[in-house]
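Step one of this worksheet: look at the structure below.
The model shown is predicted, which means the values in this text are computed figures rather than measured ones. Labels below follow one simple rule: chain letters A, B, ... track the order of the sequence lines, proteins then strands, and each chain is numbered from 1.
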There are 2 protein chains.
Amino acid sequence: MRRTKEDAAKTREEVLIAAAAVFYENGISGSSLEKIAQRAGVTRGAIYWHFKDKAEVLTALHSEIRLPQEAIVDHALEHGHDDPLGLIEQASIEVVHILANDEQQQRVFAIMILGCEFTEDPSETAQRIITANAEMYEKLQKLIDMADQQGKLASGWTIDTAARAFQCSMNGLFAEWLRSGKSFAVVDVGEKLVRSLIGSMRRS
Amino acid sequence: MRRTKEDAAKTREEVLIAAAAVFYENGISGSSLEKIAQRAGVTRGAIYWHFKDKAEVLTALHSEIRLPQEAIVDHALEHGHDDPLGLIEQASIEVVHILANDEQQQRVFAIMILGCEFTEDPSETAQRIITANAEMYEKLQKLIDMADQQGKLASGWTIDTAARAFQCSMNGLFAEWLRSGKSFAVVDVGEKLVRSLIGSMRRS
DNA sequence: ATATTTACAATCATTCATGTATGTTTGTAT
DNA sequence: ATACAAACATACATGAATGATTGTAAATAT
């Protein structure tokens, strides 16, 4: 049994992969570190060596998922964009495609949204997700504000309602898709939904 | 200490109320029957007398929540309707208003959607919710099919994508609202979202 | 070559929730 | 008045998960 640096990094990775699978199957609270260890082919000792506790495993999992679309949006926010609504539309559809094809991201996403309990005083994990969501909302809001200042937001919509409505729909789309066991074509529904919503937000 | 039939029914009710509060605060897996008993001012013995286990408490809670809108939709499905999309719109907005004002329903809803883990083999509770969701979807689908057969569904939408998109948006709306701690005006966002979606589904 | 970490495995003590079994009081039927 | 059942409380037995401690082989530093 060798224990080189690379070996350690490898077992750490294997623990994370096993954790993703076990969390995905049993939910967070239904997953013991023992189960994860068994799946990874190690003992709990190994897990406790690399991570402080279950929460830290989840943190590590969550930090692995970074949507490339964030970069695009951030760029637009810094440099401005002549069609912010179009950017939202394009970026969102991109995200749908990415998520539809990346199983690992689906798993992590499912764990965070479906396999996690949101309570009055949220767990570390839940708090992390809430924060990420809030950040996403702010970006959306700023982009829509940009569109509004360009006179491109349809009357009837306020900046806040538009941002909220859009965010709710997107999160709902992914949540429902994963909850239903991917029983419908997210890409089709997602594209139609995005285009329809953004369409109704465009001043004609 | 009297133990008449009415007393028993009363403690049963108090247990359910306490359960709603505790589940809401700590999530389902984070709530022990001991905590619920303490909150209700009884011992676990009392709970085990009225309910088989935790799952049965949840079942009782879930069966308490019946949206009156279901009746309207069912009626339309049986007797037909000359404006199915309008019916969906109206009924949905009604539901938004009801949920926005009924704290108990919000709590139960929050418990079921946010305080419950959806896993590969779902718990009784999760399964119940999935089933309820599927039933809702079927109704939506039939109503939209009705609209389609009347030539009132806009091109670009299929019956399935339309039903899915709508359901995702609505569920997302409530989930986000509750998850965010009711930090925005559901009624405003909901009305705008519903009208916008239904609007885009109407053949002009 | 030896000392010291590293990277785990193995064991143990403790907590906590559950389910069950039993005890106790009160209402109710006869 | 008595017997029985309803409506709980109390006590216990069990199992699962956690966190901490200890042991140890191999890798690395000196």
Side-chain angles (χ1 to χ4, degrees), chain A residues 1-19 21-61 111 115-117 119 121 123-125, chain B residues 1-61 111 115-117 119 121 123-126:
Chain A
M1 208 181 291
R2 307 165 305 168
R3 278 101 184 244
T4 110
K5 296 248 179 205
E6 304 90 53
D7 273 338
K10 194 182 165 194
T11 67
R12 194 192 125 101
E13 252 318 294
E14 278 168 358
V15 166
L16 283 179
I17 290 173
V22 174
F23 283 139
Y24 183 66
E25 288 169 11
N26 309 321
I28 292 179
S29 76
S31 300
S32 68
L33 294 182
E34 176 64 31
K35 275 186 195 169
I36 295 173
Q38 281 186 15
R39 172 80 70 115
V42 296
T43 66
R44 271 172 47 245
I47 299 183
Y48 274 104
W49 173 257
H50 287 283
F51 309 95
K52 188 189 154 214
D53 53 11
K54 201 200 274 187
E56 217 176 87
V57 177
L58 278 160
T59 302
L61 267 183
I111 292 166
C116 172
E117 295 179 329
T119 69
D121 61 46
S123 66
E124 267 180 67
T125 312
Chain B
M1 210 181 290
R2 307 164 306 172
R3 278 100 185 243
T4 111
K5 298 246 178 205
E6 305 90 52
D7 274 338
K10 195 183 164 193
T11 67
R12 194 191 125 103
E13 253 316 296
E14 280 168 357
V15 166
L16 283 179
I17 291 173
V22 174
F23 283 139
Y24 183 66
E25 289 170 11
N26 310 322
I28 291 180
S29 77
S31 301
S32 68
L33 294 182
E34 176 63 30
K35 275 186 196 170
I36 295 174
Q38 281 185 13
R39 172 79 70 116
V42 297
T43 65
R44 271 173 45 243
I47 299 183
Y48 275 103
W49 173 257
H50 287 284
F51 308 95
K52 190 189 154 215
D53 54 11
K54 200 201 273 189
E56 216 177 86
V57 176
L58 277 162
T59 302
L61 268 184
I111 293 166
C116 173
E117 295 180 330
T119 69
D121 60 46
S123 67
E124 268 181 64
T125 311

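- Residue Gln38(A) contributes atom CD, which lies 13 Å from atom C1' of dA16(D) at whole-angstrom precision.
- Contact annotation: Thr11(B) side-chain N/O to dA7(D) OP1/OP2 distance is not under 4.0 Å.
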Might you list the N or O atoms of the protein lying below 3.5 Å from N or O atoms in nucleotides 13-16 of chain C, with each pair's distance?
none

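- Rounded to an integer number of Å, the gap from NZ of Lys10(A) to P of dC8(C) is 11 Å.
- Annotation for Lys54(A) and Phe23(A): closest pair CG-CZ, 4.0 Å, computed over non-hydrogen atoms.
- Residue Val57(B) comes nearest to Leu16(B) through the heavy atom pair O-CD2, 3.9 Å, listed as atom of the first residue, atom of the second, then distance.
- Taking atom CD1 of residue Ile28(B) and atom P of nucleotide dA17(C), one finds them 16 Å apart after rounding to whole Å.
- Within the structure, side-chain hydrogen bond (donor to acceptor under 3.5 Å, both in side chains) contacts touching residues 8-22 of chain B (residues at least two apart or in different chains) are Thr11(B)-His50(B).
- Annotation: side-chain hydrogen bond (donor to acceptor under 3.5 Å, both in side chains) contacts of Glu34(B) (sequence neighbours excluded): Gln38(B).
- Glu34(A) has its CD atom 16 Å from the P atom of dG15(D), to the nearest Å.
- Not counting sequence neighbours, the partners of Ala55(B) by the side-chain contact (heavy atoms from CB on, under 4.5 Å) test are Asp53(B), Glu124(B).
- In plain terms, the two heavy atoms of Asn26(B) and Thr119(A) that are nearest each other are C-CG2, 3.3 Å.
- Taking the side chain of Leu33(A) as heavy atoms from C-beta on, and the options dT18(C), dA7(D), dT18(D), the nearest nucleotide is dT18(D).
- Inspection of the Ser29(A) and Glu117(B) side chains reveals an N or O donor paired with an N or O acceptor under 3.5 Å.
- Taking 4.5 Å as the limit, some side-chain heavy atom of Leu58(B) sits within range of a side-chain heavy atom of Ile111(B).
- Among pairs with a residue in residues 39-48 of chain B, those fulfilling salt bridge (charged side-chain N to carboxylate O under 4.0 Å, His left out) read Glu25(B)-Arg39(B), at least two apart in sequence or across chains.
- Spacing between atom NZ of Lys35(B) and atom C1' of dT18(C) amounts to 15 Å, rounded to whole angstrom units.
- The stretch residues 40-58 of chain B touches DNA chain D through Val42(B), Thr43(B), Gly45(B), Ala46(B), Trp49(B), His50(B), each having a heavy atom under 4.0 angstrom from the strand.
- With rounding to whole Å, Glu13(B) atom CD is found 17 Å from dA7(D) atom C1'.
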